[in-house]
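Note sheet for the following structure.
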Amino acid sequence: MSGLHLNNVSHSFNSGNPVLNGVSVFVGPGELVCLLGPSGCGKTTLLRVAAGLEHLQVGQVTIAERVVAEGRHGKHIPTEKRGIGLMFQDYALFPHLNVLENVTFGLPENAVERRQWALSALSRMGLADYAASYPHILSGGQQQRVALLRALAPEPRVLLLDEPFSGLDVTRRVEIRAETLDLLKETDVATLMVTHDPEEAMFMANRILVMDEGRIIQDGTPVETYFEPLTAFVAALFGPVNRLQGVVRNGHVATILGDFEAGHLEDGAPVEILIRPEGLRLSAAGQEAEIQPGDTPCKPTPVDNGNSAGARGRTISARPLGRSSHVELVLTAEDGTEITLEARIPGVFLPQPGAEVLVTANPRQTHVFPAS
Ligand SMILES: Nc1ncnc2c1ncn2[C@@H]1O[C@H](COP(=O)(O)OP(=O)(O)O)[C@@H](O)[C@H]1O
Ligand SMILES: [Mg+2]
């Protein structure tokens, strides 16, 4: 199988608990797969195993149809012979080599075409004037670009990236993500990229592998992973979520916000309902929800036909975030218990504290799971 294939890989350090537990990963040529998971779940270890920086203990690693590692003291092809490009978080450029020498480091003397590629790629990334400069005069973003070109110069079959943009500020990061995608599109390289940033994974990936405690718990496109999370953990990985409790009755669960579909769960099962802040719709009830003076208000979103029946709530606070507004509100259930929710509303929607709002939930952004 071409591309990168990790088959049933397990790994532990110092005979402790497994850090990787039967992980299988496939990345096809030209594909970019993001490994997304919280800190400490084993992402870097998986990349190091694929690269041969850790000796494989259990399983098999195949790169471009060649078995490069087998567990139980089997085969171990060293990193530099695996045909991979590597870029880790602390990508260090060689300080004593100039930019062009950094990119072409390790290429054979007669690799004329790749040297030309290096020059033209530097030029496309706005670095032509720095070809003869030393890395220390470059900004963080420029160094990052050079490191990426260095990894790609030998035309690897597989590219392994570990949080490659984490050291950059937000604006730079967005630019470089887009440039990186453009550059990769022209190659046939199979890219496995580690990130703990769900937005980055959504932006970059053809497929997202969600990892938790050394296991892959979901493998899907960005849209599938976001809209059809398999577990509450995956749903919550994409940011804060509101949680309600309920019980399945005749394929539905009744909540303070209305009924939600739960046909996939057994009747009588206790469930947890997760609603993303961007899945709540608010509309001003009566005149109480006032827009702060000086803001350009967008109209409160009307209740979508497809939304839940909804409930009346009271605003606790409302803060502008720029592109959206963050509203915290409280609902009072029939038995008097109070439920606090957070909503993220596109544009400027800033009801006064205490103002009454009508709250509904978009079923597409609402996920029902068995109670944990
Ligand atoms: N060389 C090592 N020796 C012992 N434990 C390690 C080593 N490298 C990583 N670990 C442990 O393995 C777990 C996974 O680490 P890592 O793969 O770096 O996670 P991630 O990249 O997802 O943050 C962590 O608990 C970490 O402390
Ligand atoms: Mg890591």
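When a ligand or atom number is given, it counts from 1 through the structure's own listing order. This one's a predicted model, so the numbers in the text were calculated from it and none came from an experiment.
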How about S12 and N17: do any of their side-chain heavy atoms sit closer than 4.5 Å?
no
May I ask you to check whether T44 brings an N, O or S atom to under 2.8 Å from the Mg ion (ligand 2)?
yes
Under a 3.5 Å threshold, yes or no: a donor from one side chain and an acceptor from the other, between D335 and T337?
yes
Report the nearest protein non-hydrogen atom to atom 9 (C) of ligand 1: residue, atom name, distance rounded to 0.1 Å.
F13 CE1, 3.5 Å
Against the six-membered ring of Y226, is R276 placed for a cation-pi contact (under 6.0 Å from the centre, within 45° of the normal)?
yes
What are the atoms of ligand 1, with element, lying closer than 4.0 Å to any heavy atom of V19?
12 (O), 13 (C), 14 (C)
Those atoms of ligand 1 less than 4.0 Å from some heavy atom in T45
15 (O), 16 (P), 17 (O)
Report yes if G40 has an N/O atom closer than 3.5 Å to an N/O atom of ligand 1; otherwise report no.
yes
Can you tell me if C41 has a non-hydrogen atom under 4.0 Å from ligand 1?
yes
Non-hydrogen protein atom less than 4.0 angstrom from atom 26 (C) of ligand 1:
no
Within 45° cone of F203 ring axis and under 6.0 Å: R173 NZ or CZ
no
Is a donor on one side and an acceptor on the other found under 3.5 Å between the side chain of R82 and the backbone of I77?
yes
